[in-house]
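Written below as structure tokens is the structure these notes are about.
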Amino acid sequence: MVRATNCIVGFLNLLTLIASIALVCFSLFLQFHGATACGKVIQLPLLIVGASLCVVSLMGLFGSFCRVTFFSAIYQFILFVIILGLAGFTIFSFVVTNKSAGDMVSRQGYESYRLGDYSHWLQQRVSDAANWEKIKACLNDATVCQSLGHDAIPAAANFFKKNLASVQSGCCKPPAYCGFTSVNATLWTIPKAGPAAPDPDCKTWSNDQDRLCYDCTSCKVGFLSSLRSQWRKIAIINIGALALLIIIYSCGCCAYRNNKQDNSYKGYRGPYPYH
């Protein structure tokens with residue numbers, strides 16, 4: 001008779017198996033249907049995660065429903081490693097996304113940050129040229145600047161009244177201290193006397209819609225601000241996932257113990273094995 005803990009573990013692994021198959025199918029869809037530059041970045045990790053979850057779920061199903069102790073032991077070990085890894089990643093997320101010291105720019109609709117407000121690990125990620133090229137490709141795919149529109153001057157007066165996303169603030173316009181005049185959301189005129197501040201970002205800005213301020217330090221800072229917010233949300237979700245995994249691991253331990261006991265009973269023939 002299959003015990004309650006075996007049924008719980010089996011049911012949860014069945015759900016995980018379905019989710020893993022969906023991940024594998026989605027990654028294959030990205031591979032064969034012309035994924036964008038950003039989509040190609042996540043395609044391989046999705047495939048690896050999906051395939052790994054599929055294997056682990058199958059082991060859990062065999063161990064719980066077929067009462068195979070060997071698969072149950074491997075499943076418990078892998079689950080324990082996943083719990084440790086997820087806990088480590090959650091702690092790491094909170095450490096590297098420590099609160100930055102952004103200042104709200106008065107009546108400008110965005111906050112001003114500095115690259116030094118973030119951890120050295122995050123700074124190194126955006127300072128690496130190869131990494132940043134991939135990030136820029138993702139930003140272009142997401143049309144973060146195109147979504148601001150290209151309305152004429154009357155709408156430009158309202159441009160600063162709305163709160164811009166950190167990426168839009170850093171990548172789609174020149175820094176406020178440059179002293180440029182806005183024509184619309186992504187088109188700016190440079191004063192005849194030149195930028196108001198001798199900052200490299202003021203010279204890096206371009207009205208070319210494919211360039212804008214994507215190579216500016218302010219864009220990197222805006223991206224890190226968005227990344228910090230997203231990682232904090234993911235870390236909170238991870239805490240919930242950890243609690244769920246610990247419950248599953250506890251049920252799995254009970255199921256493993258049940259399997260060992262049942263197998264030992266099957267192997268026991270009493271004091272008179274020849275009768």
Side-chain angles (χ1 to χ4, degrees), residues 1-30 41-100 118-122 125 224-267:
M1 180 179 178
V2 180
R3 304 194 188 189
T5 51
N6 293 64
C7 291
I8 294 173
V9 173
F11 176 72
L12 292 173
N13 278 284
L14 182 61
L15 295 179
T16 307
L17 179 63
I18 295 172
S20 66
I21 293 174
L23 279 178
V24 171
C25 291
F26 181 64
S27 65
L28 293 177
F29 174 82
L30 291 178
V41 172
I42 66 172
Q43 185 270 327
L44 183 58
L46 278 179
L47 182 61
I48 294 174
V49 171
S52 301
L53 283 176
C54 186
V55 173
V56 173
S57 300
L58 287 173
M59 287 185 178
L61 286 171
F62 277 114
S64 58
F65 286 142
C66 299
R67 323 295 287 276
V68 182
T69 307
F70 174 73
F71 284 132
S72 293
I74 296 178
Y75 171 76
Q76 288 299 107
F77 174 76
I78 295 176
L79 197 59
F80 180 72
V81 172
I82 291 174
I83 290 173
L84 289 181
L86 190 58
F89 176 73
T90 303
I91 296 172
F92 174 77
S93 298
F94 277 112
V95 170
V96 300
T97 57
N98 56 322
K99 185 175 177 57
S100 57
Y118 298 89
S119 66
H120 291 295
W121 187 86
L122 286 177
R125 302 287 78 74
L224 289 182
S225 175
S226 176
L227 185 68
R228 177 177 63 88
S229 176
Q230 293 173 6
W231 273 32
R232 284 300 176 102
K233 293 176 182 177
I234 292 174
I236 294 173
I237 294 173
N238 284 347
I239 293 174
L242 269 173
L244 179 61
L245 285 175
I246 291 172
I247 293 173
I248 296 174
Y249 181 78
S250 301
C251 292
C253 288
C254 293
Y256 175 70
R257 185 182 59 197
N258 292 341
N259 292 346
K260 287 191 68 176
Q261 289 177 351
D262 292 343
N263 290 338
S264 65
Y265 291 151
K266 291 177 183 178

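Every heavy atom of this structure was used, including side-chain atoms; hydrogens, water molecules and symmetry mates were not. In what follows, residues are counted from 1 in the order of the sequence shown. Everything numeric here is computed off the predicted structure, so don't read it as measured data.
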Spatial distance of atom CD1 (Ile246) from atom CZ (Phe80) [nearest 0.5 Å] | 10.5 Å
Taking atom CG of Leu53 and atom OG of Ser20, what is their separation to the nearest 0.5 Å?
-> 6.0 Å
Flag side-chain contact, heavy atom, 4.5 Å: Asn238 against Leu242 = no
Quick check: are there more than 12 heavy atoms from other residues, nucleotides or ligands sitting under 6.0 Å from CZ of Phe94?
-> yes
Rounded distance [0.5 Å steps], CZ in Arg125 versus NE2 in His120 | 12.5 Å
For Trp231 and Val96 the tightest heavy-atom approach is CZ3-CG2, 3.6 Å
Decide yes or no for Leu58 and Leu17: does some side-chain heavy atom of the first lie under 4.5 Å from some side-chain heavy atom of the second?
-> yes
Show which side-chain atoms of residues 82-93 pair as donor or acceptor with protein atoms under 3.5 Å away, not counting sequence neighbours.
unit_1 : atom_1 : unit_2 : atom_2 : d
Thr90  : OG1    : Leu86  : O      : 2.8
Ser93  : OG     : Phe89  : O      : 2.8

Straight-line distance of Leu79 CG to Ser250 OG, nearest 0.5 Å = 9.5 Å
First locate atom SG of Cys253, then atom CD1 of Ile248, and finally report the distance between them rounded to the nearest 0.5 Å.
-> 12.0 Å
What pairs meet the side-chain hydrogen bond (donor to acceptor under 3.5 Å, both in side chains) rule with one or both residues in residues 74-85, with sequence neighbours excluded?
-> Asn13-Tyr75
What distance separates Cys7 SG from Leu12 CG, expressed to the nearest 0.5 Å?
-> 11.0 Å
Smallest separation among heavy atoms of Ser57 and Thr16, with atom names | OG-CG2, 3.1 Å
Could you pull out the closest heavy-atom pair between Val24 and Gly50, with the gap in Å?
-> CG2-C, 3.6 Å
